[in-house]
Amino acid sequence: MKIGIIGCGQLARMLALAGWPRGLSFSFLAGPQEDPAPVTGLGPIYRMSEGESAESIYEGLGRPEVITTEREQVDVALLSALKAFAPVYPEAHAVSVCQHRAREKQFINDQGIATAPWRPIDGKTDLIALGHQLGWPLFIKSCEDGYDGYNQWRLNGPDTPLPEIPEGVECIAEGGVAFERELSLVAARASNGKVACYPLTENHHTGGILQHSLAPAPSLPEGLQAKAEEMARRLLEALNYVGVLTLELFLVDGELKINELAPRVHNSGHWTQSGALTCQFENHVRAIAGLPLGPTSAPQPSAMVNLLGVEPPNPVICPDAKLHWYNKSVRPGRKVGHLNLTHSDPSQLHRQVEELVAVLYP
Ligand code: AMP
């Protein structure tokens with residue numbers, strides 16, 4: 001089967017690497033300015049031009065039998081139009097819900113699932129009054145094009161100078177939640193409706209960017225995994241979703257609130273390459289290819305450490321770590337690879353992660 005991937009970054013790379021052993025082949029759509037280095041050698045790369053038709057893109061991709069995307073900031077009109085030529089998973093509607101914070105949070109709340117308290121705002125909104133109502137710190141987030149803390153402002157209290165939100169940028173305000181931990185759940189839904197979820201993962205960020213993950217998240221309250229899976233099931237079914245969907249979560253007073261959804265394989269699921277019986281990339285590919293999902297259990301504790309603008313460490317420092325290098329040039333803060341580690345003893349694993357983080361980010 002031929003799979004067309006919209007995008008040519010590291011997620012596309014790892015999807016292809018997971019699909020190749022199953023005999024699947026891949027082609028990649030590069031934007032006019034995009035660097036396709038991560039997928040070089042893994043299949044044909046088609047560079048689209050501005051305003052190109054869906055039919056021409058479909059032809060350029062070599063007439064794939066199914067189309068998917070590695071990113072959520074994708075032209076949903078293009079996804080819809082491509083559906084005339086081949087099935088597109090996840091569907092345009094699901095991606096469009098996840099692309100817009102207000103739409104996404106409303107959709108989550110409509111399924112009876114908690115988020116931080118939020119309101120749409122505009123230039124006339126009294127942010128001080130709203131901060132008192134929703135709770136400080138107050139987060140102002142743009143509805144679109146906001147990720148990893150980008151296009152986001154934080155008001156610590158009524159005395160914080162108000163942000164200058166660029167003209168025409170649609171935003172929401174969100175009350176701060178005093179989370180104990182940030183978690184995520186990577187879930188997959190097959191075309192026959194079967195759902196499989198990975199163990200909850202604990203995520204640690206620096207400057208709004210994921211730095212490392214621990215999986216399964218250690219010492220969780222009992223029953224939390226089942227609650228997270230129930231949330232995922234409800235969302236996946238409501239979206240009639242096929243493929244991998246990731247729930248980014250806050251753990252607050254022992255309960256889960258969703259921060260956001262990612263309609264794709266996710267950085268916090270990279271540990272599954274070494275730590276789960278079937279990795280998230282293979283399960284996404286299986287789902288969209290109409291194959292049954294593989295088992296998602298994790299035989300032993302795992303961790304993932306991102307390489308953010310740094311070269312891989314000398315293997316001598318951590319010989320058991322598995323390196324995934326994305327074939328990108330190193331620039332400050334840029335995700336250029338990650339390391340996966342597993343160990344039967346969680347305390348040893350956490351010590352290795354601490355040591356690695358100290359070496360990489362002194
Ligand atoms: P986001 O872009 O929504 O993923 O937010 C980036 C980071 O900001 C999150 O990973 C949290 O650490 C923090 N954050 C965002 N929203 C909230 C909130 N409502 N309460 C507390 N922390 C938040």
Side-chain angles (χ1 to χ4, degrees), residues 11 71-73 95 97-109 113-121 125 127-158 160 163 165-166 169-187 200-215 217 228 231-232 235 245-271 304-306 308 333 335 338 357 361:
L11 300 179
R71 60 170 102 109
E72 63 208 80
Q73 298 311 325
V95 176
V97 167
C98 300
Q99 273 181 352
H100 189 278
R101 282 193 200 267
R103 234 173 6 233
E104 177 179 271
K105 286 185 195 279
Q106 192 58 56
F107 165 72
I108 295 167
N109 295 155
I113 297 172
T115 56
W118 67 279
R119 297 276 180 287
I121 58 165
T125 308
L127 293 177
I128 309 293
L130 201 58
H132 287 307
Q133 192 192 333
L134 300 182
W136 301 104
L138 188 71
F139 289 83
I140 314 294
K141 301 179 177 182
S142 68
C143 286
E144 292 173 300
D145 296 331
Y147 54 89
D148 288 349
Y150 174 74
N151 261 348
Q152 194 178 112
W153 300 266
R154 178 187 163 123
L155 303 186
N156 286 327
T160 310
I165 299 166
V169 173
E170 208 186 340
C171 287
I172 61 160
E174 203 180 291
V177 293
F179 58 79
E180 292 135 42
R181 289 195 262 170
E182 292 193 75
L183 305 173
S184 58
L185 185 83
V186 175
L200 279 161
T201 301
E202 177 176 312
N203 300 315
H204 296 260
H205 299 87
T206 138
I209 297 179
L210 183 66
Q211 186 202 62
H212 67 274
S213 299
L214 305 174
M231 286 180 179
L235 297 168
L245 174 79
T246 305
L247 284 55
E248 295 182 34
L249 302 154
F250 295 134
L251 179 63
V252 193
D253 296 330
E255 295 294 338
L256 294 171
K257 291 184 194 296
I258 295 188
N259 178 29
E260 56 185 347
L261 304 174
R264 54 176 171 81
V265 286
H266 195 257
N267 195 174
S268 71
H270 289 1
W271 64 268
M304 185 281 317
V305 180
N306 266 336
L308 301 169
K335 280 181 196 170
H338 68 271
V357 168
Y361 309 108

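Side chains are part of it too, since the values below use all heavy atoms of this structure and drop only hydrogens, waters and symmetry mates. One-based numbering, in listed order, for ligands and for the atoms of each. Quick caveat: nothing in here was measured; it's all calculated off a predicted structure.
- Look at Arg101 and you'll find a heavy atom under 4.0 Å from some atom of ligand 1.
- Between Phe250 and ligand 1, not a single N/O pair is under 3.5 Å apart.
- Between Ile258 and Leu235 there is a side-chain heavy-atom pair separated by less than 4.5 Å.
- Listed by atom number, the atoms of ligand 1 under 4.0 Å from Ala116 heavy atoms are 19 (N).
- Atoms of ligand 1 found under 4.0 Å from any heavy atom of Glu174, numbered from 1 in the order shown, are 16 (N), 17 (C), 18 (C), 19 (N).
- In summary, of the residues considered (Glu170, Gln106, Lys105), a side-chain hydrogen bond (donor to acceptor under 3.5 Å, both in side chains) with His100 occurs for Glu170 alone.
- Residue Gly176 places a heavy atom under 4.0 Å from ligand 1.
- At under 3.5 Å, a nitrogen or oxygen of Val177, whether backbone or side chain, sits near a nitrogen or oxygen of ligand 1.
- Put simply, the residue from Asn306, Thr206, Asn203 that forms a side chain to side chain contact (heavy atoms under 4.5 Å, CB included) with Gln211 is Thr206.
- A 4.5 Å side-chain heavy-atom check between Phe179 and Leu251 finds every atom pair outside the cut-off.
- Taking every heavy atom of Glu182 and a limit of under 4.0 angstrom, the matching atoms of ligand 1 come to 9 (C), 10 (O), 11 (C), 12 (O).
- If you run side chain to side chain contact (heavy atoms under 4.5 Å, CB included) between Ile121 and each of Ile172, Leu138, Leu127, only Leu127 comes through.
- Close N/O approach between His205 and ligand 1 is not found [any backbone or side-chain N/O within under 3.5 Å].
- Close to ligand 1: Gly175, with a non-hydrogen atom less than 4.0 angstrom away.
- In this structure the side chain of Arg264 reaches within 4.5 angstrom of the side chain of Glu72, judged on heavy atoms.
- Side-chain contact between Arg101 and Gln152: present, with at least one pair of heavy atoms (C-beta onward) separated by less than 4.5 Å.
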